[in-house]
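Below is one structure; the comments refer to it alone.
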Amino acid sequence: QEIAEERFYKAKVQMRIGDNYMEWKHHDDAWSAYDQVINLYGDTPYPPNAQYNKGEARYYAGKYAEARQDYLDVLTNYPDTDTELRAAALYNAGWCSEKLTESDKALGHYSQAVEEFPRSERAPSCLLRMALLTYGKGQVQEAISMYHRVLEEYSESKVSSDAHYGLGVLYQEEGQAEQAISSFMNVSKDSRETYLAALTAAVNLYAKQGKNQEAGRLLETVLQEAAGDADLEAQAYYHIAQLNLNNEKYEDAMTGYTRV
């Protein structure tokens, strides 16, 4: 009879087999390997992660409906497993629903993650997706409220800059230029591409208001922040070229595009 340590080791090896298949993009084989962990080693700690990884295998195979069910089975079959794993499963189920263009189901999964696991790492990301989907339904004020909730409840989250940027975009489209500029200016430098996009958007708003000095100073900041980083410099010149194109400065736009 196998002792517990032997079974743990065999389950771990079986998990690694599934991981190898994933690295080789043999997704169906990976799914079967993870499924064996569940069927053969149910008394070890590995089945919850194996169930989650079954969802990953289906997702990367483009089988979004099946992947969603595998993710949701994490919560159904392992209700006492790690909070972060269950929150991640709901987040990924939401992504699957978005891939299937089932936005209402996606909103439901994201909302469940926020309500049941508010302190999880995925909660602010779920709120961010909810804001984007809600805006897509034309519910602008509800989307703005969700972005504000991200900033109020998860101010230290990695996605806080995305929330500031999202707010800026919504305020801009609603004709609230000052609020938009304020939101864009709150995007963290650490977000790199998002930061440059936000500054460039603020430059555009200043220019449209006739505040050319403010626009010029901020444009200099964009180039200074990107200096020395080839990827960021390319992003900066692209955004500036787009800005000039939108303002019908075609020669300046062409110059910018050639420097990308």
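Basis for what follows: all heavy atoms, side chains included, without hydrogens, waters or symmetry-related copies. Because the structure is predicted, anything quoted here is derived from the model rather than measured.
Checked by atom type and distance alone, the side chain of Gln112 never pairs as donor or acceptor with a backbone atom of Leu90 at under 3.5 Å. In this structure, Arg7 contributes its side chain and Leu40 its backbone to a donor-acceptor pair below 3.5 Å. Put simply, the side chain of Gln51 never gets that close to the backbone of Ile38: no donor and acceptor are under 3.5 Å apart. When atom types are taken as modelled, the side chain of Ser191 and the backbone of Ser188 share a donor-acceptor pair closer than 3.5 angstrom. Judged by distance alone, the side chain of Glu6 and the main-chain N or O of Ile3 form a donor-acceptor pair under 3.5 Å. Distance alone, capped at 3.5 Å, is enough to place a donor-acceptor pair between the Asn186 side chain and the Ser182 backbone. Between the side chain of Ser97 and the backbone N or O of Ala93 there is at least one donor-acceptor pair closer than 3.5 Å. For Asp82 (side chain) and Leu85 (main-chain N/O), a donor-acceptor pair under 3.5 Å exists by modelled atom type. Using a distance-only test at 3.5 Å, with no hydrogens or angles considered, no donor-acceptor pair links the side chain of Ser160 to the main chain of Glu156.
Under the 4.5 Å side-chain criterion, counting only non-hydrogen atoms from C-beta, Asn49 is not in contact with Val74. You'll find the side chain of His109 reaches within 4.5 Å of the side chain of Arg68, heavy atoms only. Residues Ser125 and Tyr91 form a side-chain contact, since some pair of their non-hydrogen atoms from C-beta on lies under 4.5 Å apart. Looking at Asn20 and His26, their side chains never come closer than 4.5 Å, going by heavy atoms from C-beta outward. Proximity of Lys137 to Thr134: side-chain heavy atoms (C-beta onward) are nowhere separated by under 4.5 Å. Looking at heavy atoms from C-beta onward, Met146 lies out of side-chain contact with Leu132 at the 4.5 angstrom threshold.
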Review point. What's the verdict on salt bridge (Lys or Arg N to Asp or Glu O under 4.0 Å) for Asp229 and Arg192, showing C-alpha distance, side-chain angles and the deciding distance?
Key: CA-CA 10 Å; Asp229 186 317; Arg192 292 171 60 81; 3.0 Å; yes
**Study point:** Worked verdict on Lys63 versus Asp28 for side-chain contact (heavy atoms from CB on, under 4.5 Å)
**Key:** CA-CA 10 Å; Lys63 300 176 181 179; Asp28 289 341; 3.1 Å; yes
**Study point:** Chi angles and distances behind the side chain to side chain donor-acceptor pair (under 3.5 Å) call for Glu115, Ser111
**Key:** CA-CA 6 Å; Glu115 290 173 7; Ser111 178; 3.1 Å; yes
Review point. For Ser161 and Tyr195, what are the C-alpha separation, side-chain angles and deciding distance, and is it a side-chain contact (heavy atoms from CB on, under 4.5 Å)?
Key: CA-CA 8 Å; Ser161 284; Tyr195 174 65; over 6 Å; no
Exercise for review: Before giving the answer on ring-ring contact (aromatic ring centres under 6.0 Å, His included), spell out for Tyr46 and Tyr41 the whole-Å C-alpha distance, their side-chain angles and the decisive distance to 0.1 Å.
Suggested key: CA-CA 8 Å; Tyr46 293 100; Tyr41 307 107; 8.8 Å; no
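Between Leu196 and Ala226, the shortest heavy-atom contact is CD1-CB, 4.3 Å. Scanning both residues, Ala180 and Leu205, for their nearest heavy atoms gives CB-CD1, 3.6 Å. Across every non-hydrogen atom of Leu170 and Val140, the tightest pair is CD1-O, 4.2 Å. The two residues Pro47 and Gly42 make their nearest non-hydrogen contact at CG-CA, 3.8 Å. For Glu233 against Ala227, the heavy-atom pair with the smallest separation is OE2-CA, 3.3 Å. Taking both residues in full, the closest heavy atoms of Ala33 and Ile17 are given as CB-CG2, 4.1 Å, listed atom of the first, atom of the second, then distance.
Glu98 and Tyr110 form a side-chain donor-acceptor contact under 3.5 Å, judged by distance and modelled atom types alone. Side-chain contact, Tyr34 with Glu56: no donor N or O sits under 3.5 Å from an acceptor N or O. Using modelled atom types and a 3.5 Å distance limit, the side chains of Thr221 and Glu225 yield no donor-acceptor pair. No hydrogens or angles considered: a donor-acceptor pair under 3.5 Å links the side chains of Trp31 and Asp70. Asn39 and Asp35 form a side-chain donor-acceptor contact under 3.5 Å, judged by distance and modelled atom types alone. With hydrogens and angles left out, the side-chain atoms of Tyr52 and Asn92 include a donor and acceptor closer than 3.5 Å. Between the side chains of Glu142 and Gln139, not a single donor N or O lies within less than 3.5 Å of an accepting N or O.
Between the OG1 atom in Thr44 and the NZ atom in Lys12 there is a gap of 12.0 Å [rounded to 0.5 Å]. One finds the OG atom of Ser183 at 9.5 Å from the CD atom of Gln176 (value rounded to the nearest 0.5 Å). Annotation: the span from Lys208 atom NZ to Asn204 atom CG amounts to 4.5 Å, rounded to 0.5 Å.
Note on Tyr147 and Val159: same hydrophobic cluster, where clusters join Ile, Leu, Val, Met, Phe, Trp and Tyr whose side-chain heavy atoms are under 4.5 Å apart, directly or indirectly. Note on Tyr78: it does not cluster hydrophobically with Val37, by side-chain heavy-atom contacts below 4.5 Å among ILVMFWY residues. The hydrophobic cluster containing Tyr64 also contains Tyr71, counting ILVMFWY residues as joined when their side-chain heavy atoms lie under 4.5 angstrom apart, directly or transitively. By the criterion of side-chain heavy atoms lying less than 4.5 angstrom apart, applied directly or through intervening Ile, Leu, Val, Met, Phe, Trp or Tyr residues, Leu167 is grouped together with Tyr154 in one hydrophobic cluster. Hydrophobic clustering (side-chain heavy atoms under 4.5 Å, transitive across Ile, Leu, Val, Met, Phe, Trp, Tyr) groups Val169 together with Leu218.
A 6.0 Å sphere centred on CD of Glu121 holds no more than 12 heavy atoms belonging to other residues, nucleotides or ligands. Atom OH of Tyr21 has 12 or fewer heavy atoms from other residues, nucleotides or ligands within 6.0 Å.
Below 30°, between 30° and 60°, or above 60°: for Tyr60 and His27 the angle between ring planes is below 30°, a parallel geometry.
Ion pair Asp190/Lys158 not flagged as a salt bridge, since none of the NZ, NE, NH1 or NH2 atoms sits closer than 4.0 Å to an Asp/Glu carboxylate oxygen. Look at Glu23 and Arg16 and you find a salt bridge, because one of the NZ, NE, NH1 or NH2 atoms lies within 4.0 Å of a carboxylate O, short of that distance. For the pair Lys105 and Glu102, the salt-bridge criterion is met [side-chain N within less than 4.0 Å of a carboxylate O]. By the 4.0 Å N-to-carboxylate-O rule, Arg86 lies too far from Asp80 to be salt-bridged with it.
With Tyr206 as reference, Glu214 is the one residue of Gln213, Glu214, Arg217 to meet the side chain to side chain contact (heavy atoms under 4.5 Å, CB included) rule.
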